[in-house]
Q: 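Please read through the structure below; I'll follow up with questions.
Positions are given from 1, in the same order as the sequence printed here.
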Amino acid sequence: MCRDQRTAPRCIPRPPGNWPSRSRISGPSHDEHPTAHHHDRRDIRSERFAPRFPVNTGTVTGDPPPRRSGPACRVECAHRVVAAPRLGAGPEAVAVDSTARRAYVACSRDNAVVSVDLDQFAPVWRAEAGKEPIPIVLDLPSGRLFTADARSDTVTVLNADSAARVVQLHIGQGAYPAGLGHDPERRRIFCGNTAAGTITAIDADRLEVIGTIPAELGAGSIAVDSERGHGYCANFMAGSLTVFDTETLRPLGRITVGEGPCKTIADPRADQLYVAGSLHGTVLRLSLATARPLGEIRVERAPVGMCVTPDGSRLYVCNRGAGTVSVVDTATGSETHRITVGNGPGDCGIDAASGRLLVSNAGSGTLTMVDAPWLPGAAKPPTHPAVGRPIPQFALPDARTGEIRTTREWAEKRYVIDFFASW
């Protein structure tokens with residue numbers, strides 16, 4: 001313990017919002033959900049995996065309290081990659097269960113789902129899915145995982161605890177299901193079918209297809225505003241969003257968003273809908289209430305995955321073409337810094353119990369785990385003042401021949417020169 005921690009100033013400012021109490025992390029109470037027996041089971045697990053840092057009462061923010069620090073302490077004022085376990089080929093989407101201390105990743109080129117221990121930073125189990133599982137959804141009330149398997153035209157349902165396959169639903173020949181949405185309030189899973197230009201609705205409890213909603217070519221990622229009962233399907237090739245009612249399955253309209261909408265997520269508390277434009281390196285912000293554009297955020301190359309912190313203060317954007325994650329302040333709509341991760345980052349999620357950012361890297365087959373992602377990177381070490389400046393004019397003797405060599409010859413790349421200890 002730091003001997004000065006009671007009087008020393010803290011290095012890391014407290015993020016906006018409050019940090020959750022132990023009871024809040026453990027899940028809903030018996031009164032909050034009819035399936036009380038399920039939450040009994042998960043609450044027991046939460047005691048086993050309870051966080052080991054002090055907590056206060058409040059709501060989940062996704063950002064942990066600052067570490068104590070002082071003159072005699074090791075101070076950390078930057079984000080830090082704490083682990084990057086290898087998962088397999090082509091990890092894409094990420095789902096997180098902070099209470100159970102597990103992350104679930106769909107590995108598209110391995111045709112599998114991998115469960116990862118969030119404390120040990122290691123895979124726990126691997127389960128076979130259909131061909132090319134791209135998105136993944138975790139339905140906490142049922143403890144089930146759903147993957148959309150693009151090349152087998154199926155949705156695979158797995159038990160999140162045991163990895164056992166529950167059922168595999170057939171979506172339609174040649175549909176190429178490549179996106180999933182989740183409305184936990186109405187117990188619906190929605191599947192965006194890229195080739196068919198449709199949305200398939202699935203009952204999350206009965207595990208049956210209950211309807212089909214017309215969309216447009218390139219239908220994929222689906223965001224759900226559970227408060228209003230609206231779904232938004234990104235149509236990549238049509239450059240639009242299809243809006244639909246998640247209860248009646250009735251189409252409600254179309255929003256033009258520009259070329260290449262690849263991912264969309266909703267934050268109802270902030271009245272924000274985010275749409276990643278992978279072709280232009282931008283994220284479009286829309287109002288959920290009015291569907292009007294609120295602005296555009298410039299990020300890096302090929303943004304394809306996003307997540308927002310539970311308190312809505314930060315948006316994390318995976319830039320597949322740059323190997324980075326852009327950190328966006330949602331209050332100002334501006335990028336604050338970037339986090340270097342693995343190759344081809346495809347999706348990300350937040351572990352609410354530790355505040356860590358989890359990023360799946362399709363190109364390097366890893367899951368990057370970032371501590372304190374809301375903080376900028378470490379300061380670069382200082383460089384010599386001469387670094388980056390033009391070489392001064394010179395005329396020096398050649399070490400072998402004694403011939404005088406000049407700046408002009410250097411500029412024309414006629415020889416190699418060693419300036420070690422020359423000035």
Q: Under 3.5 Å, is there a donor-acceptor pair between the E216 and S240 side chains?
A: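 Checked: E216/S240 side chains pair up, N/O donor to acceptor below 3.5 Å.
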Q: Look only at the side chain of N111 and the backbone of E132, and say whether a donor-acceptor pair between them is shorter than 3.5 Å.
A: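 Judged by distance alone, yes, a pair lies under 3.5 Å.
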Q: Would you say that E259 contacts H280 through its side chain, given a criterion of any heavy-atom pair below 4.5 Å between the two side chains?
A: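 Sidechains of H280 and E259: in contact.
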Q: Kindly say whether G363 contributes a backbone atom to a donor-acceptor pair with the side chain of N343 at under 3.5 angstrom?
A: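 Side chain of N343 to backbone of G363, a donor-acceptor pair under 3.5 Å: no, none is there.
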Q: Just how far is it from atom CG of D267 to atom OG1 of T330, taken to the nearest 0.5 Å?
A: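 One finds 7.5 Å between CG of D267 and OG1 of T330.
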Q: R188 and side chain to side chain contact (heavy atoms under 4.5 Å, CB included): which single residue from I210, I202, T246 fits?
A: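 Only match with R188 under side chain to side chain contact (heavy atoms under 4.5 Å, CB included): I210.
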Q: Show the numbers, then the answer: is there a salt bridge (charged side-chain N to carboxylate O under 4.0 Å, His left out) between R187 and D205?
A: CA-CA 7 Å; R187 311 300 300 131; D205 295 316; 3.0 Å; yes
Q: Just wondering, do R165 and T156 contact through their side chains at under 4.5 Å, heavy atoms?
A: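 Touching, per the 4.5 Å side-chain cut-off.
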Q: Can a donor-acceptor pair be found, under 3.5 Å and without considering hydrogens, that links the side chain of D245 to the backbone of T248?
A: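 Here the side-chain-to-backbone pair exists.
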Q: Side chains of R254 and T256: is there a donor and an acceptor less than 3.5 Å apart?
A: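 A donor-acceptor contact under 3.5 Å links the two side chains.
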Q: Can you give me the closest heavy-atom contact between G333 and V328, atom names plus distance?
A: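 So the minimum-distance heavy-atom pair works out to C-CG1, 4.2 Å.
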Q: Within the structure provided, determine whether H170 and V209 are in side-chain contact (heavy-atom separation under 4.5 Å).
A: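 H170 does not reach V209 side chain to side chain.
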Q: Apply side chain to side chain donor-acceptor pair (under 3.5 Å) to S360 and E92, showing your working.
A: CA-CA 6 Å; S360 59; E92 291 288 355; 5.7 Å; no
Q: Evaluate whether atom CD of E128 has more than 12 neighbouring non-hydrogen atoms of other residues, nucleotides or ligands under 6.0 angstrom away.
A: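 Atom CD in E128 is not packed in, count stays at 12 or less.
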Q: Quick one: pull up OH in Y232 and CZ in F190 and give me the separation to the nearest 0.5 Å.
A: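 Y232 atom OH to F190 atom CZ measures 12.5 Å (nearest 0.5 Å).
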Q: Which heavy atom of L284 sits nearest a heavy atom of P293, and at what distance?
A: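 Result for this residue pair: CD1-CB, 4.3 Å.
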Q: Please report the closest heavy-atom contact between P133 and D149, naming both atoms and the distance.
A: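 Taking P133 first and D149 second, the nearest heavy atoms are CB-OD1, 3.4 Å.
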Q: Which value, rounded to the nearest 0.5 Å, describes the distance between F244 atom CZ and I213 atom CD1?
A: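 Answer rounded to 0.5 Å: 4.5 Å.
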Q: Whether the side chain of R320 engages the backbone of A362 through a donor-acceptor N/O pair (distance < 3.5 Å, no angle test) should be reported.
A: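 Side chain of R320 to backbone of A362: no pair is present.
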Q: Just by modelled atom types, is the A353 backbone N or O under 3.5 Å from a matching donor or acceptor in the D351 side chain?
A: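 Checking the backbone N and O of A353 against the side chain of D351, a donor-acceptor pair under 3.5 Å is found.
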Q: Strictly distance-based, threshold 3.5 Å: is any side-chain N or O of R206 a donor or acceptor partner for the main-chain N or O of D203?
A: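 Between the backbone of D203 and the side chain of R206 there is no qualifying donor-acceptor contact (under 3.5 Å).
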Q: If I compare all heavy atoms of G342 with all of S364, which pair ends up nearest, and what's the gap?
A: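 That closest heavy-atom pairing would be CA-OG, 3.7 Å.
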Q: Judged by atom type as modelled, is there a donor-acceptor pair below 3.5 Å linking the side chain of S108 to the main-chain atoms of G90?
A: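 Checking the backbone N and O of G90 against the side chain of S108, a donor-acceptor pair under 3.5 Å is found.
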Q: Taking the side chain as every heavy atom from C-beta outward, state whether L145 and V157 have any atom pair closer than 4.5 Å.
A: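 When only atoms from C-beta onward are counted, V157 and L145 do not touch, as no gap falls below 4.5 Å.
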Q: For residues N235 and A215, report the shortest heavy-atom separation together with the two atoms involved.
A: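 Closest pair (atom of N235, atom of A215, distance): OD1-CB, 3.7 Å.
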Q: Nearest 0.5 Å, please: how far is CG in D347 from SG in C307?
A: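 Nearest 0.5 Å value for the SG-CG distance: 7.5 Å.
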Q: Which value, rounded to the nearest 0.5 Å, describes the distance between L358 atom CG and I350 atom CD1?
A: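 The CD1 atom of I350 is 7.5 Å from CG of L358, to the nearest 0.5 Å.
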Q: Can you check whether T147 reaches Y104 side chain to side chain, under 4.5 Å on heavy atoms?
A: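 Side chain of T147 against side chain of Y104, heavy atoms only: no contact under 4.5 Å found.
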Q: Taking C-beta and beyond as the side chain, do V224 and H182 meet within less than 4.5 Å on heavy atoms?
A: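 A side-chain contact under 4.5 Å is absent here.
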Q: Working note: T99 + R101, criterion side chain to side chain donor-acceptor pair (under 3.5 Å); need CA distance, chi angles, decisive distance, verdict.
A: CA-CA 5 Å; T99 301; R101 310 304 300 134; over 6 Å; no
Q: Would you name the heavy atoms of P268 and L288 that are closest together and state the gap between them?
A: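 Between these two residues, the closest heavy atoms are CA-CD1, 3.6 Å.
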Q: Take V317 and N319, measure what side-chain contact (heavy atoms from CB on, under 4.5 Å) needs, and give me the verdict at the end.
A: CA-CA 6 Å; V317 184; N319 303 304; 4.1 Å; yes
Q: Begin with the C-alpha distance, continue with both residues' side-chain angles, and end with the deciding distance and a verdict on side-chain contact (heavy atoms from CB on, under 4.5 Å) for R102 and L118.
A: CA-CA 5 Å; R102 293 288 185 268; L118 294 177; 5.5 Å; no
Q: One pair to check against salt bridge (charged side-chain N to carboxylate O under 4.0 Å, His left out): D110 and R126. What are the steps and the verdict?
A: CA-CA 10 Å; D110 272 351; R126 174 183 297 267; 3.3 Å; yes
Q: Quick check: do T194 and P177 have side-chain heavy atoms less than 4.5 Å from each other?
A: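 No. Closest side-chain heavy atoms not under 4.5 Å.
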Q: Are the side chain of H79 and the backbone of L375 linked by a donor-acceptor contact shorter than 3.5 Å?
A: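 Yes.
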Q: Please say which of D271, L241, T264 ends up in a side chain to side chain contact (heavy atoms under 4.5 Å, CB included) with L286.
A: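 Answer to the side chain to side chain contact (heavy atoms under 4.5 Å, CB included) test with L286 among D271, L241, T264: L241.
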Q: Taking only residues two or more places apart in sequence or in another chain, which ones pass salt bridge (charged side-chain N to carboxylate O under 4.0 Å, His left out) with D329?
A: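 With sequence neighbours excluded, D329 shows a salt bridge (charged side-chain N to carboxylate O under 4.0 Å, His left out) to no residue whatsoever.
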Q: Under the side-chain contact (heavy atoms from CB on, under 4.5 Å) rule, what do L158 and V166 come out as? Steps first, then yes or no, please.
A: CA-CA 5 Å; L158 302 172; V166 179; 5.8 Å; no
Q: Distance check, rounded to the nearest 0.5 Å: S326 atom OG versus M306 atom CE?
A: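 Output value for this atom pair is 11.5 Å.
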Q: Look at the side chain of T309 and the backbone N and O of R314, then say whether any donor-acceptor pair between them is shorter than 3.5 Å.
A: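 Yes; judged by distance alone, with no hydrogens or angles, the pair exists.
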Q: So, the side chain of D117 versus the backbone of Q120: is there a donor-acceptor pair under 3.5 Å, distance only?
A: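 Judged by distance alone, yes, a pair lies under 3.5 Å.
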Q: Compare all side-chain heavy atoms of L367 with those of V94 and state whether any distance is below 4.5 angstrom.
A: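 Side chain of L367 against side chain of V94, heavy atoms only: contact under 4.5 Å found.
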Q: Would F146 and L180 count as a side-chain contact (heavy atoms from CB on, under 4.5 Å) if you check the C-alpha gap in whole Å, the side-chain angles of each, and the deciding distance to 0.1 Å?
A: CA-CA 8 Å; F146 295 76; L180 286 177; 4.3 Å; yes
Q: Run the numbers on E300 and T324 for side chain to side chain donor-acceptor pair (under 3.5 Å), then give the verdict.
A: CA-CA 8 Å; E300 284 202 279; T324 62; 2.6 Å; yes
Q: Quick one, R144 with D139, criterion salt bridge (charged side-chain N to carboxylate O under 4.0 Å, His left out). Give me CA distance, side-chain angles, the key distance, then yes/no.
A: CA-CA 5 Å; R144 292 168 179 159; D139 180 48; 6.0 Å; no
